[in-house]
Amino acid sequence: MKNIKENEKLNILNHSCAHLLAASVKELYPNALFWVGPVISDGFYYDIDLGDKVINDSDLLLIEKRMKKLSKSNKLIKKIQLTKQEALEQFKDDIYKIDLINNMDSDTNITAYKQGDFIDLCRGPHVVSTNEIKYFKLLKVSGAYFKGDSKNKMLQRIYGICFFNEDDLKEYLEFLEEAKKRDHRKLGRELDLFMISEYGPGFPFFLNNGMILRNELENFWYEEHTKEGYEFIKTPIMLNKDLWELSGHWYNYRENMYVSEIDEKVFAIKPMNCPGGMLAYKNSLHSYKELPLRVGELGLVHRHEASGALNGLFRVRAFTQDDAHIFMTEEQIETEVVSLINFIDRIYSVFNLTYDIELSTRPTDKYIGDIAIWDKSEKALEDACKKAGHSCRINPGDGAFYGPKLDFHIKDSLGRVWQCGTIQLDMNLPERFDLTYIDNDGNKKRPVMLHRVVFGSIERFIGILIEHYAGAFPLWLAPIQVNVIPVNNEYHLEYSAKLVDEMKKYGIRVKLDSRDEKLGYRLRESQTKKIPYSLIIGDNEVKDNIVSYRKYGEKGTASVTLLEFIDMLQDVIKNKK
């Protein structure tokens, strides 16, 4: 999937199309007022105040029709230079443009773009004529607060996409249809994985099938981390306000924290696992001989996200971070990061996920620590990437105030990019919590610390996997691995039940579908539920003491003995094929 924002020509085309959208809306709804219409990675949007008018799907088609008419009119798109006073006069009837202009410096050279009678503030550039904007589609409309502040008026945000040719547009719309089929919220309901209740917006309920998948994922996490020499802890979900003041979260993150009172003292539910991890480290003395000390925690955190931002498992208010804090000496940074990159690579490869790495460097203004330490830390992270056989894209100035970081952007089966893994170097918390270790000279020294996640959060990663696999999970993750379907209960049920009992002895998750329904119906439902293997048990299977199986997505069947079938499954499960 193309990133429209990062493709210069598509960026210009899509921004020009946003203006074409605004011009069309203004013709259809003369009282419309406009906020901003930026290009985003998957097209563009425009925030519009239409008063009491609420845009629906049929309105989008009407706007699209008017856009096509304006496109054919072949109006030149002209750049106009304005002084601040001229701009205020030009847009005096649009409170949103006035707000933009008033927030500009008095000596700002303001530019606008004009096509026909429509004019809009814009830095540009744009295409030469409306006739170049031919292949577009308005995708959806949603609500968006003015300036993103819930205290402000709700505007209507219209999304769209534009390409240079019809084939690219068609391909993208087909991609959207496929993505729609894979929507983890839809599949979550159909496969009985999770639910969201009106009694807890943003707090997902994992159902039985979802818990099986989640447990397999967490067991895999523990197994792989154990191989890498990690220790494991579990820290409390609620801790005293004093701790959050010490960590800095109380002053920087208070509005996103859930707070309560216990024994007349203020407590907060943790939005991050880190402060608890610091207390666990301080519980005992540490020697340089223990370092690097790798401590992992699957920790449940809570964050008060805006209700409008909630989205299935992708944006929730309670989620489990697969955190780890690694304490080490300065000399161990590069070696440890190389090891971490190789470890993350191994984890992602199991799910057939590729990725790119981005290095975020020191912010321009707000940062702690000496520049020399920052430079050294950034170089260590960059060198570690190279030693691990990877390149990293530099994202200047986007590091946290307390240290640079490596972000892992994974790519799913549809080519969509998700930011999941992070390796964050922290110069702040070891200082705040006075963390130390005894060096070989007997003196106390400050450890260097890495925060890191691989999945990011269990919930969000499950959402990504649902869409990545379109719900057809690999055998080791599938909630139900085998569905046994007797053709006729009178003759085949007893043998089918014995097969189920035998497979359960080997730890295989198997289901018996002996409902009084036609064979074709039960087979189709087995496919709908995306169960990896369906066994069809009829006369021949009973007579020859065999099983006939059909793999999900395939039409043919194969016949083997039960033990051969079990051996095959165990091999696939063990090796996570």
Side-chain angles (χ1 to χ4, degrees), residues 181-182 187-188 190-193 207-220 223 349-352 413 465-466 468-577:
K181 292 175 192 172
R182 293 168 178 253
L187 290 173
E190 292 174 0
L191 303 179
D192 298 317
L193 299 173
L207 306 175
N208 183 63
N209 286 347
M211 278 306 298
I212 293 170
L213 190 156
R214 182 184 180 120
N215 288 337
E216 287 295 327
L217 199 60
E218 292 188 0
N219 290 340
F220 170 64
E223 288 168 8
S349 68
V350 170
F351 304 98
N352 198 27
S413 57
L465 289 183
I466 292 171
H468 175 56
Y469 293 121
F473 300 107
L475 188 64
W476 70 279
L477 275 178
I480 301 170
Q481 295 168 324
V482 180
N483 190 22
V484 179
I485 307 173
V487 175
N488 187 312
N489 285 342
E490 187 176 349
Y491 304 108
H492 313 129
L493 179 58
E494 184 180 352
Y495 179 65
S496 297
K498 287 179 181 178
L499 294 176
V500 169
D501 291 341
E502 193 64 23
M503 280 187 275
K504 284 182 177 178
K505 292 177 185 176
Y506 289 87
I508 294 166
R509 296 189 288 274
V510 57
K511 171 190 172 187
L512 175 63
D513 187 355
S514 57
R515 291 174 299 163
D516 189 19
E517 299 282 359
K518 290 181 179 179
L519 175 64
Y521 176 86
R522 287 178 287 157
L523 264 175
R524 282 193 301 276
E525 189 170 273
S526 196
Q527 294 289 298
T528 301
K529 294 293 185 182
K530 303 177 190 287
I531 298 171
Y533 289 90
S534 298
L535 300 191
I536 303 100
I537 306 302
D539 292 339
N540 290 338
E541 286 72 30
V542 174
K543 178 169 65 74
D544 298 332
N545 201 30
I546 57 172
V547 298
S548 294
Y549 67 86
R550 180 181 295 181
K551 282 185 72 173
Y552 171 76
E554 297 181 4
K555 292 183 178 178
T557 58
S559 298
V560 292
T561 67
L562 177 60
L563 284 180
E564 286 173 333
F565 181 67
I566 290 172
D567 286 343
M568 179 186 71
L569 294 189
Q570 288 186 318
D571 177 61
V572 174
I573 292 167
K574 180 183 176 183
N575 295 295
K576 295 182 171 58
K577 294 180 180 177

If we ignore hydrogens and angles and just use 3.5 Å, is the side chain of Lys529 paired with the main-chain N or O of Glu190 as donor and acceptor? yes
Side-chain heavy-atom pair Arg515, Tyr521 within 4.5 angstrom cut-off: yes
Between Asp571 and Lys577, which heavy-atom pair has the shortest distance, and what is it? OD2-NZ, 2.5 Å
Heavy-atom closest contact (Val487 atom, Leu519 atom, distance): CG2-CD2, 4.1 Å
Locate the shortest heavy-atom distance separating Arg550 from Lys555; write the atom from each residue and the value. NE-O, 3.3 Å
In terms of heavy-atom contacts, Asp513 and Pro486 come closest through O-CD, 3.4 Å
Kindly give the heavy-atom pair with the smallest separation between Ile480 and Pro532, and that separation in Å. O-CD, 3.2 Å
Evaluate side chain to side chain contact (heavy atoms under 4.5 Å, CB included) for Trp476 paired with Asn575, printing each intermediate quantity in order. CA-CA 9 Å; Trp476 70 279; Asn575 295 295; over 6 Å; no
Which label fits Tyr549 and Phe565: parallel for a plane angle under 30°, tilted from 30 to 60°, or perpendicular past 60°? tilted
NZ (Lys551) with more than 12 external heavy atoms under 6.0 Å: no
CD/Glu494: more than 12 non-hydrogen atoms of other groups inside 6.0 Å: no
Tyr506 side chain near Ile573 side chain, heavy-atom distance below 4.5 Å: no
Does Leu499 reach the side chain of Glu541, with side-chain heavy atoms less than 4.5 Å apart? no
Value rounded to 0.5 Å, distance of CG in Leu535 from OG in Ser548: 8.5 Å
At their closest point, which heavy atom of Leu477 faces which heavy atom of Glu216, and how far apart are they? CD2-CB, 3.9 Å
Reported OG1-to-CD1 distance for the pair Thr561 and Ile566, which is rounded to 0.5 angstrom: 8.5 Å
Quick one: does any side-chain atom of Arg509 pair with a main-chain N or O of Gln481 as donor and acceptor, under 3.5 Å? no
Is it the case that the side chain of Gln527 and the backbone of Gly553 share a donor-acceptor pair, with hydrogens and angles ignored and the cut-off at 3.5 Å? yes
Heavy atoms, side chains only, cut-off 4.5 Å: are Val560 and Met568 in contact? no
What distance do Ile508 atom CD1 and Glu502 atom CD have between them, rounded to the nearest 0.5 Å? 9.5 Å
Roughly how far, to the nearest 0.5 Å, is the OG atom of Ser526 from the CG atom of Asn483? 4.0 Å
Does any non-hydrogen side-chain atom of Leu217 lie less than 4.5 Å from one of Leu465? yes
Could you check if a side-chain atom of Val482 sits within less than 4.5 angstrom of a side-chain atom of Met503, using non-hydrogen atoms only? yes
Give a yes or no on whether the backbone of Leu207 and the side-chain of Asp192 come within a donor-acceptor separation of less than 3.5 Å. no
Between Val500 and Lys511, does the side chain to side chain contact (heavy atoms under 4.5 Å, CB included) criterion hold? Intermediate values first, please. CA-CA 7 Å; Val500 169; Lys511 171 190 172 187; over 6 Å; no
Main chain of Leu187, side chain of Arg182: is a donor-acceptor contact present, judged purely on distance under 3.5 Å? no
In this structure, CZ of Phe473 is separated from CG of Leu193 (nearest 0.5 Å) by 5.0 Å
Aromatic plane relationship, Phe220 with Phe351 - under 30° parallel, 30 to 60° tilted, over 60° perpendicular: perpendicular
Evaluation steps, side chain to side chain contact (heavy atoms under 4.5 Å, CB included), between Tyr491 and Val542: CA-CA 9 Å; Tyr491 304 108; Val542 174; over 6 Å; no
Is there a donor-acceptor pair closer than 3.5 Å between any side-chain N or O of Ser413 and the backbone N or O of His468? yes
So how far is it from Asp516 CG to Asn489 CG, rounded to the nearest 0.5 Å? 7.0 Å
List the steps, then state whether salt bridge (Lys or Arg N to Asp or Glu O under 4.0 Å) holds for Arg522 with Glu525. CA-CA 5 Å; Arg522 287 178 287 157; Glu525 189 170 273; over 6 Å; no
Are more than 12 heavy atoms, taken from residues, nucleotides or ligands other than Asn215, located less than 6.0 Å from that residue's CG atom? yes
